[in-house]
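Working notes, beginning with the structure itself.
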Amino acid sequence: MIAIHENKVLYVQSLFKIEIENQRENALTKLKKINKNQFNTAEKNYLRSVIRLFEKNSSIKIIECVPNTIENLIVLIGSIPPNSRFYKNGKPKKTLKKFILDALNYKYLRGIFYPIYFKELGIKSCVYCNSQLSITAVKSNGTYSAKFDVDHYYSRDKYPFLSISLFNLYPACASCNRLKSNNKIEFELYTLDSKKTTKSKYNFKMSSYSKSKYLTTRDAQEINFSFSEPTYNDPIAKKFNDVFHIESIYETQKDLIEELIIKSQIYNKSYLKSLNENFNKLSLHPELFKRLLVGNYTQDKDIHKRPMSKIVMDIAKQLNLIREE
């Protein structure tokens with residue numbers, strides 16, 4: 001629900017320069033081994049275009065290319081042509097898409113490289129719903145295990161040549177990855193606009209009467225909230241709530257809001273002042289005090305660091321537990 005600056009991503013990619021170059025070389029070798037004569041003219045031309053992208057002297061670094069370049073490539077290369085290869089019984093033979101995906105070796109990288117890469121990037125929660133962990137764990141044998149799926153923002157079914165382009169990969173929980181599928185959404189995870197990395201356009205808001213109603217009934221189910229999202233430029237883009245069922249997910253987490261309401265009653269100004277004074281004696285960062293106060297991160301720029309952070313920070317600000325930055 002918040003963007004990451006492209007420069008941060010490029011820095012992380014620079015840490016894996018050798019690994020990325022090996023990926024390019026291996027993909028190129030396998031792409032060149034594909035027998036072009038088994039395809040029709042459109043498929044042959046498409047394969048040639050893909051091979052050129054992975055050539056060492058290509059002006060485009062296909063694995064590291066930024067979002068704007070990816071969008072240009074989609075226009076230039078286009079989606080994969082319809083399959084022309086079928087058996088006599090009508091059953092499709094191995095398609096060009098499958099040949100390309102096998103050559104780029106996404107499945108192997110999914111288990112070996114992406115867990116380390118996204119760990120270095122610092123994303124720890126699903127970039128779509130922010131309700132589930134998207135972390136990399138270290139196994140007892142020292143290898144890495146990804147506790148997340150990798151979504152292709154631009155579908156690898158339509159654009160297999162982008163299947164290992166790092167700016168096309170979004171770490172997401174299994175549920176959101178499945179729900180996203182080939183649905184068209186408009187979400188910029190990577191950006192050059194610094195403002196988009198500090199202020200989310202998505203927002204949770206508790207209804208005006210929920211606090212008083214809860215304090216009267218002590219029933220968390222009486223708490224109501226809404227989830228708002230930006231107006232999208234693409235007319236066919238689907239809303240987050242329609243695709244990922246955001247409100248339905250957080251309907252199961254009303255106890256989070258309940259706890260914040262209780263804190264807003266207990267933590268009066270004098271008590272907060274006393275807490276803050278004691279905290280300052282520890283010489284810790286003031287942001288940590290706010291995090292301890294509400295039990296999660298409190299700034300939009302930190303949404304990716306922990307699940308449920310977005311709803312907690314939004315409602316905490318509404319209840320004046322923390323100030324709007």
Side-chain angles (χ1 to χ4, degrees), residues 4 8-34 50-51 53-54 61-67 70 80 94-183 185 187 189-190 244 304-307:
I4 303 169
K8 177 181 179 180
V9 182
L10 291 172
Y11 168 73
V12 171
Q13 290 177 6
S14 71
L15 302 177
F16 299 99
K17 187 175 181 179
I18 295 175
E19 291 88 341
I20 291 172
E21 176 58 19
N22 288 338
Q23 292 170 27
R24 185 199 63 77
E25 290 179 353
N26 291 336
L28 179 62
T29 299
K30 293 177 181 179
L31 286 168
K32 285 183 173 180
K33 288 181 179 179
I34 299 174
V50 173
I51 290 174
L53 289 175
F54 284 86
K61 293 184 177 181
I62 183 60
I63 297 178
E64 306 107 300
C65 62
V66 297
I70 288 177
I80 194 160
K94 185 175 180 179
T95 64
L96 176 59
K97 179 187 77 174
K98 186 67 168 61
F99 274 106
I100 293 174
L101 290 175
D102 287 349
L104 271 52
N105 215 7
Y106 163 76
K107 287 187 177 180
Y108 173 78
L109 296 174
R110 168 70 180 81
I112 300 298
F113 177 67
Y114 298 142
I116 307 173
Y117 171 76
F118 283 112
K119 183 177 187 295
E120 195 67 39
L121 200 54
I123 297 176
K124 298 180 182 179
S125 69
C126 174
V127 299
Y128 293 131
C129 71
N130 187 233
S131 71
Q132 301 293 324
L133 285 169
S134 293
I135 59 169
T136 297
V138 181
K139 298 179 182 179
S140 58
N141 61 4
T143 60
Y144 293 92
S145 174
K147 305 302 180 183
F148 58 89
D149 282 2
V150 178
D151 176 52
H152 292 79
Y153 184 70
Y154 293 105
S155 168
R156 60 178 173 163
D157 286 338
K158 291 183 67 176
Y159 311 106
F161 67 93
L162 294 174
S163 64
I164 61 172
S165 295
L166 295 171
F167 277 102
N168 189 43
L169 306 181
Y170 287 29
C173 66
S175 176
C176 283
N177 186 39
R178 185 184 69 254
L179 292 169
K180 160 71 164 43
S181 186
N182 292 330
N183 281 311
I185 64 169
F187 174 56
L189 178 58
Y190 309 110
F244 303 117
H304 294 308
K305 292 182 178 179
R306 189 181 294 175

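Residues take their numbers from the sequence shown, with the count starting at 1. Values in this document were obtained by computation on a predicted structure and should not be read as measured data.
- In this structure, the separation between CG on L104 and CG on L109 is 8.5 Å, given to the nearest 0.5 Å.
- Taking the side chain as every heavy atom from C-beta outward, Y114 and L166 approach each other to under 4.5 Å.
- Counting all heavy atoms, side chain and backbone alike, C176 lies closest to C129 at SG-CB, 3.6 Å.
- Formation of a donor-acceptor pair under 3.5 Å by the Y106 side chain with backbone atoms of P160 is not found in this model.
- For the atom pair CZ of R24 and CD1 of I20, the computed distance is 11.5 Å after rounding to the nearest 0.5 Å.
- For K97 (side chain) and R156 (main-chain N/O), no donor-acceptor pair under 3.5 Å exists by modelled atom type.
- Rounding to the nearest 0.5 angstrom, the gap separating the CD atom in Q23 from the CD1 atom in I62 is 12.5 Å.
- A heavy-atom distance below 4.5 Å is found between the side chains of T29 and K33.
- Across every non-hydrogen atom of V150 and F148, the tightest pair is CG2-CE1, 3.8 Å.
- Each of Y11, F118, F113 was evaluated against F16; a single residue qualifies, F113, per the ring pair (Phe, Tyr, Trp, His ring centres under 6.0 Å) test.
- For the 3.5 Å distance criterion, the side chains of Y159 and N168 fail to qualify, holding no donor opposite an acceptor.
- Going from atom CG of N182 over to atom CG of D157 covers 5.0 Å, rounded to the nearest 0.5 Å.
- Note: I80 CD1 to K158 NZ = 12.0 Å, rounded to the nearest 0.5 Å.
- Using a 4.5 Å heavy-atom cutoff, the side chains of I70 and L162 are in contact.
- Using a 4.0 Å cut-off between charged nitrogen and carboxylate oxygen, K107 and D102 do not count as a salt-bridge pair.
- In summary, the aromatic rings of Y190 and Y170 are positioned with their centroids under 6.0 Å apart.
- Proximity of I63 to E19: side-chain heavy atoms (C-beta onward) are nowhere separated by under 4.5 Å.
- In this structure, F167 and L10 have side chains that are in contact, with non-hydrogen atoms separated by less than 4.5 Å.
- Of all heavy-atom pairs between H152 and S163, the closest is NE2-O, 2.9 Å.
- Within a 6.0 Å radius of NZ in K180, more than 12 heavy atoms belonging to other residues, nucleotides or ligands are found.
- Across all non-hydrogen atoms, the minimal contact from Q13 to Y117 is NE2-OH, 3.6 Å.
- Contact detail for K8 and I4: the closest heavy-atom pair is CD-CG2, 3.9 Å.
- Across S165 and C65, no two heavy atoms sit closer than the pair OG-SG, 4.5 Å.
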